[in-house]
Amino acid sequence: MNVLVILIPVSLFLGAVGLAGFFWLLKRGQFDDPEGDANRILSSDFDDKPKG
Amino acid sequence: MARPIATTLPLPFAIEPPVTATFEHSRPAACPACVALPDAAAIAPAPKDARLMLSLPTIHCGACISAVESGLNAHPGVREARVNLTLKRAMIDAAPDVTAEELIHVLESAGFEAHELDASQLAATEADRTARDLLMRLAVAGFAAMNVMLLSVAVWSGADGVTRDLMHWISAAIVLPAIVFTGKPFYTNAWTALRAGRLNMDVPITLAILLAVGTSLYETMHSGHHAYFDAAITLTFFLLAGRYLDYRTRAAARSAAQELTAMEVPRALKIVEGEPVQTNVSDLAAGDLVLVKPGARLPVDGIVTKGHSELDRSLMTGESLPAFVQPGTLVSAGEINLTGPLTVEVLAAGQDTALHRIADLVAVAESGRNNYTSLADQAAKLYAPGVHILSALAAIGWWLYTQDLRISLNIAAAVLIITCPCALGLAVPAVTTAASGRLFRKGMLIKDATAMERLAEVDTVVFDKTGTLTLGSPEPLGLDTLTGDEAQVALALADASSHPLAEAIADALTDQDVIPAELDEVEERPGYGISAIWKGQRVRLGRAAWVGTVAPDTTATFLQIGKGTPRAIRFSDHLRPGAAEAVAGLKARGLRVLLLSGDTKAAVAEFAARIGIDTAEAEVLPDQKAERVLDLARQGARVLMVGDGLNDTAALTAAHVSISPASALDAARVASDMVLLGKDLSPIADVFSTAQQARARIRENFTLATAYNVIAVPFAIAGLATPLVAALAMSFSSITVSLNAMRIR
């Protein structure tokens, strides 16, 4: 059972990383235009840096 | 369609809270989108970074995005342009001197329809933040629920003693902060309701959460067997999902409705020292002179001081015949100037216009409407007290039986959790989301959450004629009776004018491959017609009186060649596509279909016969329309009103449920519960089956949720509900309810 001491914190930590990532993306507006983003990857004008 | 909307009517009731939908497709309506906006963009307010917003109704693919963005970015002064395909909008960050008008020109020359949106109304707003806020809480609840479930599985599969306590403590450590944060919308709602002395769905929810967490914490401290942390957080998760769906559906509809309103910027051309100057309609006062260009909507009530023209009064009165105006004629706000420029002296502006008096009618009708109780409210009214009584009885019973407060509180918590309103919380939003998604694809926008339920009850449909069943654009009749020469002359004359009747003749004759005659000295006399010289004779196309004959009672124009007898070219209103199918479909469903129009008796009778409506009333005034609708309601009918004009707004509000086409006046769109996005009217018949299905699904969902409760509650009261049973019951009921909602088609 000692393995729980490692596994539980690890699972919590990984979950928290996912949650933090989701918050970050939400704040950055990554989910504002799902349809446009789906089409943009097909666009031939290559962005070498992301737009602000 | 042919309703140019240049300036808007100062409608006090046309204001809804500005909302932007972040996660929903909101397609701007086909029609206001194709409307011309000649003057609207000239005074863009110039903040430091002119943050302009354009509506782009026609964009649909990746190629459109790059074409629009590169086109806008190439324009001098534009710092950055970004297209949002989901909302079909472009956001532009530009230098202060860049106006929306020039950007619209840029886009139009690139082949994209564009319209200015009022950025201040549509920018990221309060409501947008609410949606994000709900989504964040949902994400936290999901994260916590998953982790706690993981730990709970260990307990369910037999962890014992210290391990079980450890699992419970870790669960508590996750759930306690998470539930304080995620449950906040419920706590505040419950508190507001309790302070007002009412019960709503949020009260049992809050009680269930608090009691479950409280008893679980107590159990954990005393090494108890059962802790409901997982149930509490999962409950919150499902409920938040329902809340979020509900919110998103409403926000999407409101945003699109808002978008339609934002498109019409209220401005007028005031004449100052002989020069027209762009002015806000609200700044006009009686005595000012206003220039109204052809194609523009009259911003004020007034009297014509200069110019001859014709006015389209159909949105105000339902008349399909354009009215002739000359100096001295009284005109009212909302009418559209068709041919020549007019100078109008303002008699009344803003609150004092005839338009506003109609708005008052709407306010009166509205007060009679707000007594509809939705299925969800009915369920909540039964549910909230029922659950409280049940769990209180269980607690008292167990306390009397065991004299143990701990057991009885545990039982009470179990009962509250098992009767979990999460299936109830999802029952309605899951169905409305699915149904409004379907309707949106059919071209119907639901503005009001209960509109679908109300629509399912309708047994009588009242249509307006001009602009609703017809497009409000004329169609010439009997052109093939013209001789070859006459047709050629008529086409050449009609080509010279932008009057709607002339354009209709030109279109129809061009379609028949007529070649225009060669004319000299072509001259248009605004308000009268067009004259020219053809082979040495004077030819004229225009009003009856002008060519020297008597006007008939239907719309007609006259062609005169030389001194010959004028030939009448009659018009009939263009039937809206799908109108006949919609009427036939509604009749096939056994609904009573009526026509109420402000147009003349002859026009209405002929039209009703053509489309197959048996009961038609003509020359109905706006307040009579509302009165007729209320009469029907008093006789027990549930009325669906379909209308587009200002003369319909009161009736739209008075009806049980109402639909307006996107081409309707903003007042009518605001007054109605649903907006038809395309030109086609045929979705109306389909909407009925979707609405009836939606109502059936909601009822089934309530039945399902109740069935789960009937099975599970005895277990809870008997003290047999372990956290595992609670988790299973809750997940199964929520999932069944959601799956059932998906069956809508």
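Since we're looking at a predicted model, the values are computed, not measured. Throughout, protein chains are lettered first and strands after them, A, B, ... in sequence-line order, and every chain is numbered starting at 1.
In this structure, no portion of Ile41(A) lies under 4.5 Å from any heavy atom of chain B. Using a 4.5 Å cut-off between heavy atoms, Ala16(A) contacts chain B through both its backbone and its side chain. For Met167(B), the part lying near chain A is the side chain, with the backbone staying farther off; criterion is any non-hydrogen pair under 4.5 Å. Of the two parts of Leu12(A), the backbone and the side chain both hold a non-hydrogen atom closer than 4.5 Å to a non-hydrogen atom of chain B.
A distance of 4.0 Å separates CG in Leu135(B) from CZ in Phe22(A), rounded to the nearest 0.5 Å. Distance check: Asp37(A) CG to Ile65(B) CD1 gives 8.0 Å after rounding to the nearest 0.5 Å.
In this structure, Lys27(A) and Arg132(B) approach most closely via the heavy-atom pair O-NH1, 4.0 Å. Across every non-hydrogen atom of Leu150(B) and Ser11(A), the tightest pair is CD2-OG, 4.2 Å. Taking each heavy atom of Gly15(A) and Phe143(B) in turn, the nearest pair found is C-CE1, 3.1 Å.
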